[in-house]
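Okay, so here's the structure we're looking at.
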Amino acid sequence: MSLRLKEMSIESYKSIIEYNPDAIFILSVDGMIMEVNQITSKILGFSKEELQEKHYEEILVPEYKEFTYQQYQAVLKGKSPEYETQLFHKNGDKIYLQVKNIPLWDNGEVVGIFGIGKDVTELHNTRATLNEMEKRMKALFYSTMDAIDFLDLDGNVLDVNPAFEKLYGWKREEIIGKKLPIIPEYRNHQQEELLEKAKLRKQITTMETTCIKKDGSPVEISLTFSPLLDKRGNLLGTAGITRDISERKQLEKLLRESEERYRKVVELSPKGIVIHRDGTIVYANPSALKMLKEDNAIGKTIDTYLHPDFKEVSKKRLSMAKSGEELPFVEMKMNCSDGDTIYAEITSVPFNYDGNPAILTMLRDVTERKNTEQKLEESKKRYERLVHYSPEPIVVHQKGIIQYINQAGVQLFGGTHFSEIVGKSILNFISPEVREIATERIEYMQQAEGNTLEMMEHKMIRLDGTPFYIEYTGVGILYEGEIAVQLLFRDITARKQAEEALLKSEHQYRLIADNMTDLVAVLDTKGEVKYASPSHGLVLGLSVEAYEGSLAHDIVHPEDVDKFARFFEEMMATKESVTVEFRVQNQKKEWLWFEATGSPVYDENGNLLHFLKVARDITERRQGEEDLRQSEELYRLIAENMTDLVCVIDEDVNVKYASPSHITVLGYPSNDYEGKCALDWVYEADAEGVKNQLESILESRESGNIEYRFKHINGNWIWFEANITPIFTEDGQFEHFLSVSREITERIMYEEKLTYLAFHDTLTGLPNRRLFKERLEQSLSEAERYERKMAVIFMDLDKFKLINDTLGHDVGDELLQQFSKRVQKCLRDSDTLSRQGGDEFTILLPEIQDEKDAISIAKRILDSLQQPWEIGEQVFYTTSSIGISLYPKDGVTKHELMKHADEALYQAKEDGRNNFKTYSSLT
C-alpha cells in the first residue's frame with residue numbers, strides 16, 4: 001500500500017512539474033540544465049532537448065551574469081533566494097524572469113537546484129513605462145505654459161507649478177496648505193460646486209471665467225478641472241489647469257467691434273451698396289437709395305435702375321460674378337427713380353446673404369467727375385481751336401527753335417504747311433539788322449515761365465525771301481514740360497508801307513489810306529481830326545465829314561479816354577510810334593475794340609507837323625483772347641481745386657505736371673514730382689504692372705484704368721485708381737498721358753473683407769459651401785494625380801430644431817459656434833470643416849490611408865460631443881449623426897461623394913442618431 005502511494009507520488013510530482021503554470025527547472029551543482037517543464041520552453045522559445053544541453057549562463061543577459069552567479073552560490077550553501085534576472089529568448093529578445101531557487105538535498109549534501117520562474121517581462125515594461133510617464137508628467141508640470149494647481153478635498157493647495165506663479169504672481173510657498181487665493185469672492189459658490197463635481201469624479205473642460213492675480217488685477221482664463229486619483233483609483237483631491245485667454249478675449253472683442261464697424265461702414269458708406277438675389281434687390285444702403293433717388297428699393301429688380309444701353313453688359317457681368325470671377329469697376333449709366341440719368345462705377349461679387357447665395361453690387365456716383373472730364377476736354381478743344389483758327393499768327397519756340405505755328409502764321413511766313421516752318425530757327429525769319437536784338441529777347445524769355453515781351457516791331461523775311469513787317473508781343477509758357485515762348489504776331493506791312501508812302505508823298509499816302517480797311521487818320525497836336533480815311537464809313541458807319549473836324553476822343557469809350565490822352569503824351573515825349581488799344585462806338589451804338597499805332601510826323605527841321613494814327617478792328621481777337629483766358633482759368637480752377645490727383649506724364653513715365661491736390665492727398669508739393677519718374681513713388685510690387693499697363697494703353701490708343709499703391713509723405717502706402725488717357729497731336733503723334741487718380745484705400749479694404757465674407761460663414765467663421773466646393777475639387781484632382789485616398793464627412797446636430805424652437809435662436813447660434821470649435825479640435829490641420837447652412841456641416845479629409853482613418857476621426861468627434869453644452873444658464877445635451885463616403889471606393893466626383901455621405905448620414909439618423917455610418921456599410 002505504501003509502495004503504491006510512493007509510486008503515485010512520483011507520477012503526481014512529474015504532473016505538477018510538467019503542467020505547472022510557472023516555469024520549473026532543475027540545475028546540476030555545476031549549472032547545467034537537467035530538467036524543464038513545457039512552460040519554461042514556451043517562455044524561452046527553446047525545446048526541452050535544446051535547453052538540457054545548455055549551461056544556465058549561456059542564456060543569461062551579460063549584465064545579469066555576476067548577480068545571478070552570486071544567487072547560484074547562495075543556493076549551493078543551502079539558502080533559497082528569490083530574485084529577478086534577465087534571459088535571452090531564442091529569437092534574441094530579452095525576458096525578465098522572477099526566480100525562486102530551492103536547494104535539493106541528499107544525505108545532507110546539496111546535489112542540485114530546483115527553480116521556479118515567472119515571466120515578468122510585461123510587468124517590468126509596464127513599470128518602466130509608468131516611471132517614464134511619471135517623469136514626463138513631472139517635466140510637463142514644471143515646463144508647461146499652462147498654470148496647474150493641485151487641491152485637497154477641502155480646497156487647500158497641495159502644489160502649484162511655475163507657470164501658476166508667473167500667471168498669478170503667488171509664490172508656491174506662500175499658498176501651500178491654504179485656500180486657493182485666485183478665486184474672486186463672487187465665484188466662491190461656483191468653486192464649491194466645482195469641488196463637489198470633482199468628488200463625484202466629473203471633469204470640467206474649457207470653462208471660461210475670471211480669476212484674480214496677487215496684485216488684485218483680473219485675468220480672463222480657460223479652466224479644466226479634474227479629479228485627482230492615486231494609483232488605486234482613490235480620490236485624493238482636484239487638479240486645475242488654467243490658461244490666460246485675456247489676449248484672445250480682447251481679440252474677440254476687437255473682432256466684434258470690427259464687425260460692428262463694418263456694418264456701420266456699409267450703412268454709412270458714401271458708396272452705394274446693393275445686394276440682390278436672382279435680380280431682385282434684398283438690401284440697399286442709404287447711399288444707394290440717395291444715389292438712385294429711391295425711398296425703398298427692396299423687392300424691385302436691379303434692371304429697373306439700369307440704362308437700356310448697359311443691360312446686356314450688366315447681364316454678362318452678373319453671370320461672371322456668380323461663377324466667382326473678380327470684376328473690375330466699370331462705368332455704366334443708371335436711371336434714377338425720378339427719371340434722371342447718372343454715371344456710376346459698378347462692381348459685383350458673389351455673396352452669402354442670410355445663408356443663401358446673392359450678389360453684392362457696389363456703386364460709386366461719378367457723374368460729377370464725368371461732367372468735369374467733359375468740361376476739361378471741351379475746354380482743351382476750345383483752346384486748341386482758338387489758337388489754331390486764330391486770325392492772328394501765333395508761334396511757339398524753345399531756345400529760338402520753332403515748335404508750333406498756327407495756320408495764320410504759316411500764311412504770314414509764306415508757307416502752305418506747318419512742316420515747312422516747325423523745327424527751324426526763328427532767327428531765319430528775322431531781318432539781319434535786328435537779329436542781335438531778337439537774340440537778346442529770346443535769351444531773356446527763356447529764363448522763366450511768365451516773362452513777358454512789350455509790343456515791338458520787326459522786319460521779317462518770308463520763306464521766299466520777301467520782306468514783311470510785324471509787331472509782336474510774347475509770354476513765357478510751359479510747352480511739353482519745358483519753358484518756351486509764345487509769340488503773337490500782327491502783320492503791319494500795310495501800315496509800314498502806308499507810313500513810308502506818307503513820308504514820300506501826300507498823294508500816295510492819301511491813296512493808300514483811302515483804299516485800306518484799317519482806319520487811318522491825321523490828327524493835329526490838339527487831337528482834332530484833319531483827315532479820316534473812307535474806311536471809317538465802312539467799319540464804323542460814320543461819314544468822313546462827320547468825323548473830320550471833331551476831336552478824336554469824342555467817340556472813344558469813357559473808360560479809355562485817359563489811356564487815349566496818354567497815347568498822345570507818349571508820342572510827343574518819345575517822338576516814336578506808340579500803340580494803344582481802346583474802344584470806339586459805331587453808328588449802332590456798339591463798342592468795338594481797336595488797336596491803334598500812332599506816329600508823330602516831323603518836317604525837315606524837326607518840327608512836329610501832325611500825328612498819323614492807323615487803327616485796326618480787333619474786336620474778334622479780343623473776344624477770342626477773353627474766351628481763351630476764361631477757358632484756361634476754368635481749367636486751372638478745376639485742376640487746382642479737385643481732390644483727385646491730375647498728372648501729365650510723358651512716354652518715359654516722367655511727370656510733366658502735377659495738380660496742387662498732391663500736397664493735400666499725399667503731403668508732397670507738386671514740384672517734388674515734376675520732372676521726375678512717377679514710378680519712384682509707386683509701390684515696388686506694383687511698378688512693373690503699372691509700366692506694362694501704360695504701354696498697353698499707349699498701344700491701344702484708348703483710355704484705361706490702373707490700380708496701384710502710392711507713397712504718402714508719412715511713409716504709408718495709399719491705394720489709388722487712375723483713369724489714364726493717351727493724348728495725341730493732330731497728326732497722330734503721341735504727346736503725353738493724362739492721369740486722373742482717386743484714392744480707393746477704403747474700397748480695397750472693404751473688398752478684402754467682402755472676399756473673406758464670400759468664402760466664410762458669418763456665424764461660425766468656418767469655410768462656407770463655396771470654399772468647401774473649391775477645396776473638394778482641388779483634393780479630388782490631387783487624389784487622382786497621386787493615387788491617394790480621401791473622405792467626405794456629412795454631419796448635423798441631432799434635434800437642433802427643437803433646441804432652436806424651445807431655447808431661442810441666440811442659444812441655437814451659440815450652440816453652432818461651440819459645436820464648430822469642438823469638432824475643429826478633433827481634426828488635423830490639413831482637414832477642412834465647413835458649414836453648409838443651418839445645422840449641416842461637412843468635413844474634407846484630403847489624405848487618409850484607408851477607411852479606418854475616417855472612422856477614427858468620426859469616433860473622436862462623437863466622443864467630444866458627449867459632454868454637456870453650457871450656454872448662459874442653459875445646460876443640455878445634444879449629439880450628432882455622421883455619414884462618411886470614401887474616394888475612390890464610394891465615388892470619384894464631388895457630386896457622388898457628397899450624395900453618398902448624405903445618404904450615410906440619413907441612415908445614421910434612422911438608426912437612432914449619435915452614431916456614424918459609412919456608405920460602404922449600406923451596400
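Keep in mind that what you see is a predicted model, and the values were worked out from it rather than measured.
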*asked:* Donor-acceptor check, side chain of E165 to backbone of R172, threshold 3.5 angstrom: yes or no?
replied: yes
*Aromatic ring pairing Y168/F164, orientation class (parallel under 30°, perpendicular over 60°, tilted between)*: tilted
*Between K899 and E896, is there a side-chain N and carboxylate O pair less than 4.0 Å apart?*
no
_Would you compute the distance between atom OH of Y186 and atom OG1 of T210 and round it to the nearest 0.5 angstrom?_
4.0 Å
*Hey, are the side chains of L194 and Q191 touching, using non-hydrogen atoms and a 4.5 Å cut-off?*
yes
*To the nearest 0.5 Å, tell me how far K100 NZ sits from F114 CZ.*
11.5 Å
*asked:* I39 vs F25, test: side chain to side chain contact (heavy atoms under 4.5 Å, CB included). Steps then yes/no.
replied: CA-CA 10 Å; I39 294 301; F25 55 89; over 6 Å; no
*State whether the side chain of D146 and the backbone N or O of I241 hold a donor-acceptor pair below 3.5 Å, judged by distance alone.*
no
*I would like to know whether T879 and Q866 meet side chain to side chain contact (heavy atoms under 4.5 Å, CB included); could you show each step before the answer?*
CA-CA 7 Å; T879 53; Q866 303 311 305; 4.1 Å; yes
*Polar side chain donor-acceptor pair, T209 to R187, under 3.5 angstrom*: yes
*Ignoring hydrogens and geometry, is there a side-chain-to-backbone donor-acceptor pair from S880 to D796 under 3.5 Å?*
yes
*Would you check if the side chain of H900 reaches a backbone N or O of D890 as a donor-acceptor pair within less than 3.5 Å?*
yes
_If the threshold is 4.0 Å, N to carboxylate O, is there a salt bridge linking D798 and K909?_
yes
_Are there over 12 heavy-atom neighbours, none belonging to K801, within less than 6.0 Å of that residue's NZ?_
no
*Going by atom types only, do S856 and D853 share a side-chain donor-acceptor pair under 3.5 Å?*
no
_Side chains of Q778 and E782: any donor to acceptor distance under 3.5 Å?_
yes
*Please answer whether the main-chain N or O of D154 pairs with a side-chain N or O of K179 as donor and acceptor at a distance below 3.5 Å.*
yes
_Can you give me the closest heavy-atom contact between K852 and D850, atom names plus distance?_
N-OD1, 2.9 Å
*Sub-3.5 Å donor-acceptor pair from the side chain of D30 to the main-chain atoms of H55, do we have one?*
no
*Any idea how F841 and F819 line up, ring-wise: parallel (<30°), tilted (30 to 60°), or perpendicular (>60°)?*
tilted
_Nearest-0.5 Å distance, CD of residue E18 to OG1 of residue T40_ = 9.0 Å
*K54 (side chain) donor-acceptor with E50 (main chain) under 3.5 angstrom*: no
*Say you draw a straight line from CD1 of I855 to CG of L886; how long is it, rounded to the nearest 0.5 Å?*
9.0 Å
*Under-4.0 Å salt bridge between K917 and E910*: no
*asked:* Using modelled atom types and a 3.5 Å cut-off, is there a donor and acceptor pairing between side-chain atoms of N915 and backbone atoms of A908?
replied: yes
_To check you understand the geometry: which heavy-atom pair defines the closest contact between L223 and T242, and what is its length?_
CD1-CG2, 3.6 Å
*Take atom OH in Y906; do more than 12 heavy atoms of anything else shown fall under 6.0 Å from it?*
no
*Evaluate the criterion side chain to side chain contact (heavy atoms under 4.5 Å, CB included) for residue pair L51 and K48; output intermediate values, then yes/no.*
CA-CA 5 Å; L51 286 172; K48 286 185 178 182; 5.9 Å; no
*Under 6.0 Å from the CD atom of E185, do we count more than 12 heavy atoms belonging to anything else shown?*
no
*Would you confirm whether D22, through its side chain, and I116, through its main-chain N or O, come within 3.5 Å as a donor-acceptor pair?*
no
_With a 4.0 Å cut-off on N to O distance, would you call K249 and E208 a salt bridge?_
yes
_Heavy atoms from other residues, nucleotides or ligands near CD of Q250 exceed 12 (cutoff 6.0 Å)_ = yes
*Is the count of non-hydrogen atoms from other residues, nucleotides or ligands lying under 6.0 Å from F876 atom CZ greater than 12?*
yes
*What distance separates T85 OG1 from Y56 OH, expressed to the nearest 0.5 Å?*
9.0 Å
*asked:* Could you check whether any side-chain N or O of S28 sits under 3.5 Å from a backbone N or O of G112, counting only pairs where one atom can act as donor and the other as acceptor?
replied: no
*Go through L766 and S834 one step at a time and tell me if the side chain to side chain contact (heavy atoms under 4.5 Å, CB included) criterion holds.*
CA-CA 6 Å; L766 295 176; S834 165; 5.7 Å; no
*asked:* Can you confirm whether F67 is buried at CZ, in the sense that more than 12 heavy atoms of other residues, nucleotides or ligands lie under 6.0 Å from that atom?
replied: yes
*Would one find more than 12 heavy atoms of other residues, nucleotides or ligands at under 6.0 Å from atom NZ of K42?*
no
_Tell me whether M32 at atom CE has more than 12 heavy atoms from other residues, nucleotides or ligands lying less than 6.0 Å away._
yes
*Establish, from distance only, whether the side-chain atoms of N101 and Y72 form a donor-acceptor pair under 3.5 Å.*
no
*Side-chain donor-acceptor pair under 3.5 Å between R775 and T832, yes or no?*
yes
*T205 and Q867: side chain to side chain donor-acceptor pair (under 3.5 Å), yes or no, with the steps?*
CA-CA 9 Å; T205 59; Q867 297 297 323; 5.2 Å; no
*Where P227 and L235 come nearest, the two heavy atoms and their spacing*: CB-CD1, 3.7 Å
*Salt bridge check: are E847 and R788 linked by an N-O gap of less than 4.0 Å?*
yes
*In Å and rounded to the nearest 0.5 Å, what is the CG to OG1 distance from L776 to T893?*
9.0 Å
*Got a salt bridge between E252 and R248, using NZ or NE/NH1/NH2 to carboxylate O under 4.0 Å?*
yes
*asked:* Whether the Y887 and S779 side chains hold a donor-acceptor pair (N or O, under 3.5 Å, no angle test) is what I'd like checked.
replied: no
